[in-house]
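So you know, we letter chains A, B, ... as the sequences are listed, proteins then strands, and number each from 1. Keep in mind the model is a prediction, meaning the values are calculated, not measured. Reckoned from all heavy atoms, side chains included, excluding hydrogens, waters and symmetry mates.
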Amino acid sequence: MASSSSSLPPSVFNPRRHVGVNLERVTNVTNTEYPGHYPDEDHSWDLAKFKQNLQLSVKRLSQRSIEFDLVGVDASIANAFRRILIAEVPTMAIEHVYVWNNTSVIQDEVLAQRLGLIPLDVDPRMFEFRTQTDTPTDRNTLVFQLNVTCERMKNAPRGSTSQHKHEYVRSEDLEWVPQGEQEVVFADKPPAPTNKEIVLAKLAPGQEINVELHAIKGVGKEHAKWNPVATASYRLHPLVLLNPSKPIPPHLADKFAKCFSPGVVRVESGGKVSIDERNLRKESMSREVLRHPEFEGCVELKRIRDWFIFTIESESHYKPEELFLESVKVMRAKIASVREAAEALIAQPGADARVDGDVEMATA
Amino acid sequence: MADSTPKIKILKGAEPDLSAATYQIHDESHTLGNALRWMLMKNPKVEFCGYSVPHPSENHINMRIQMYDNLSSLTALITALSNLDDLCGTVEDAYKSSLATDPIERWDEQS
């Protein structure tokens, strides 16, 4: 079915790579390319073959987000990177809030929660993790101060909506208090919230908030405030296959085109229908076309099982293009730690004896 | 959290030659579990490989590996880990080269 002018590589039309999208179910979701599954086919791990098949191309990039295609990996690999982006790439966030005075209507614990969620523009790679027993140092803790009192502004213009100073407490009111070396290390770019306009509290005249904030390094699996991304997600590349033996009747061409996202279906002047493969990735896969009996058998909706369209939106210090690399780094660190433990297990003298009888039981 | 927990334990019931064994990997989840399972299944000497997260509030996974020809599952595990690391390296290099050379649509997004 691949036309000669296809902008997609021909291997895309290999049915083994397709996930079927039907009216009420999806089919062939799982990858079956394992050794022993197909007779006379070798699907054992081959790095050279993997390198050859892997395609990674960055498509769109802005100050906050990135979109790239990852083609030729299994879902388990793509999902590992996605999960790491959400839960295991470290960032800095406020963890300890020392309240000296808070006469606002917002309770201490609620204020502390709101403060924790402020994304901070500090490079986490400059810091070490701090455990509960560690003493705070300039290498693992960042200190901010928030000290605001709402006052009437004497010289405020008459009729102006804002008659009070600090009526709104915003993230810009956080003041960084450098500790030790930090003043030198962060001289170029003093730590501050990424967004200055987050409203933290509203004050009435005379009310005061005076708190000291300690930010530490952490990961998203402990608390969502350490999540470095707004979203990190992938979807599979859509594919629309027209059945050459059952073309769309010309008088229904426009109706057919309306069943898809704009630009996906081209209708020529004679009513001939074709798929614009450059716009296929925009297809929403609404499955609208499958609802109409007149189009039954004319078209098949598919997704390409190993073509992942990643979208990552940064909500932290990291530039969007750095985030994926950070996730690969975390993945490799995980692999290294498990591997070290496995190698220690193999090197352990008497490992066989231990397994034989006196197996160390896992205590729950 | 007690740091004394070993990273990997071999659960009771393993074959003496480790041709079939269940490994309990501490402080890991589906993230590594599923990827490692896939890589182990790519090994033709692996008869069976599966993993589970026994309970969501327990911080470990169980990885079951059974081998053909009485080979050691521990060796297969280490091989799979190093293959997985090669894979990550390949992906990393491909990403870096794409970022450096591919035509990228740059657009302005206000926060």
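A side-chain donor-acceptor contact under 3.5 Å links D108(B) and Q63(A). Side-chain atoms of T31(B) and S29(B) include a donor-acceptor pair closer than 3.5 Å. No side-chain N or O of E28(B) forms a donor-acceptor pair with one of H26(B) less than 3.5 Å apart. Checking N140(A) against E128(A) by side-chain atom types alone, no donor-acceptor pair falls below 3.5 Å. Defined by atom type and a distance below 3.5 Å, a donor-acceptor pair is missing between the side-chain atoms of Y318(A) and T91(A).
With salt bridges taken as basic N to acidic carboxylate O contacts below 4.0 Å, one links E67(A) and R281(A).
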Exercise for the section: Mind running salt bridge (charged side-chain N to carboxylate O under 4.0 Å, His left out) on R130(A) and E95(A) for me, showing each step along the way? Expected result: CA-CA 11 Å; R130(A) 177 178 135 192; E95(A) 170 73 351; over 6 Å; no

Practice task
Apply salt bridge (charged side-chain N to carboxylate O under 4.0 Å, His left out) to the pair K189(A) and D123(A), showing each step before the final yes or no.
Solution key: CA-CA 10 Å; K189(A) 199 183 177 197; D123(A) 192 349; over 6 Å; no

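Contacts between S65(A) and chain B at a heavy-atom distance below 4.5 Å involve backbone atoms as well as side-chain atoms. In this structure, no portion of T194(A) lies under 4.5 Å from any heavy atom of chain B. The parts of H30(B) that come within reach of chain A are both its backbone and its side chain, each placing non-hydrogen atoms under 4.5 angstrom from that chain. Contacts of N31(A) with chain B are made by side-chain atoms alone, with heavy-atom separations under 4.5 Å and no backbone atom involved. The part of L54(A) that comes within reach of chain B is its side chain, from C-beta onward, which places non-hydrogen atoms under 4.5 angstrom from that chain. The contact between K59(A) and chain B is made entirely by backbone atoms, counting heavy-atom distances below 4.5 Å. Neither the backbone nor the side chain of T101(B) has a heavy atom closer than 4.5 Å to any heavy atom of chain A. Heavy-atom distances place the side chain of L77(B), and not its backbone, under 4.5 Å from chain A. Residue contact with chain A, scored on non-hydrogen atoms closer than 4.5 Å, is absent for P54(B). Residue K329(A) does not touch chain B at all, counting heavy-atom pairs closer than 4.5 Å. Only the side chain of I25(B) comes within less than 4.5 Å of a heavy atom in chain A; its backbone stays farther off. Only the side chain of E88(A) has a heavy atom closer than 4.5 Å to any heavy atom of chain B. For I335(A), the parts lying under 4.5 angstrom from a heavy atom of chain B are both the backbone and the side chain.
Side-chain contact between D69(B) and K45(B): present, with at least one pair of heavy atoms (C-beta onward) separated by less than 4.5 Å. Between Y95(B) and L70(A) there is no side-chain heavy-atom pair separated by less than 4.5 Å. Proximity of K334(A) to I84(A): side-chain heavy atoms (C-beta onward) are separated by under 4.5 Å at one or more points.
Formation of a donor-acceptor pair under 3.5 Å by the N279(A) side chain with backbone atoms of G263(A) is found in this model.
By number of non-hydrogen pairs under 4.5 angstrom with chain A, the leading residue of Q110(B), K96(B), R37(B), M39(B) is M39(B). Ranked by heavy-atom pairs shorter than 4.5 Å toward chain B, the options S62(A), A344(A), A80(A), A75(A) are led by S62(A). Note: D85(B) leads V91(B), D85(B), N34(B) in heavy-atom pairs under 4.5 Å with chain A. Counting heavy-atom pairs closer than 4.5 Å to chain A, the top-ranked of the candidates M41(B), K42(B), R106(B) is K42(B). Heavy-atom pairs under 4.5 Å with chain A peak, among D102(B), V46(B), N43(B), L74(B), at L74(B). Residue with the most contacts toward chain A among A21(B), S98(B), P103(B), S97(B): S98(B) (heavy-atom pairs, distance under 4.5 Å). Annotation: maximal heavy-atom pairing with chain B below 4.5 Å, among V338(A), V328(A), V73(A), N195(A), occurs at V338(A). With respect to chain B, the highest number of heavy-atom pairs below 4.5 Å among R82(A), K51(A), E315(A) belongs to K51(A). Per-residue heavy-atom pair counts under 4.5 Å with chain A were compared for L87(B), L84(B), D86(B), and the maximum is reached by L87(B).
Taking the six-membered ring for Trp and thresholds of 30 and 60 degrees, W226(A) and H223(A) have ring planes more than 60 degrees apart, a perpendicular arrangement.
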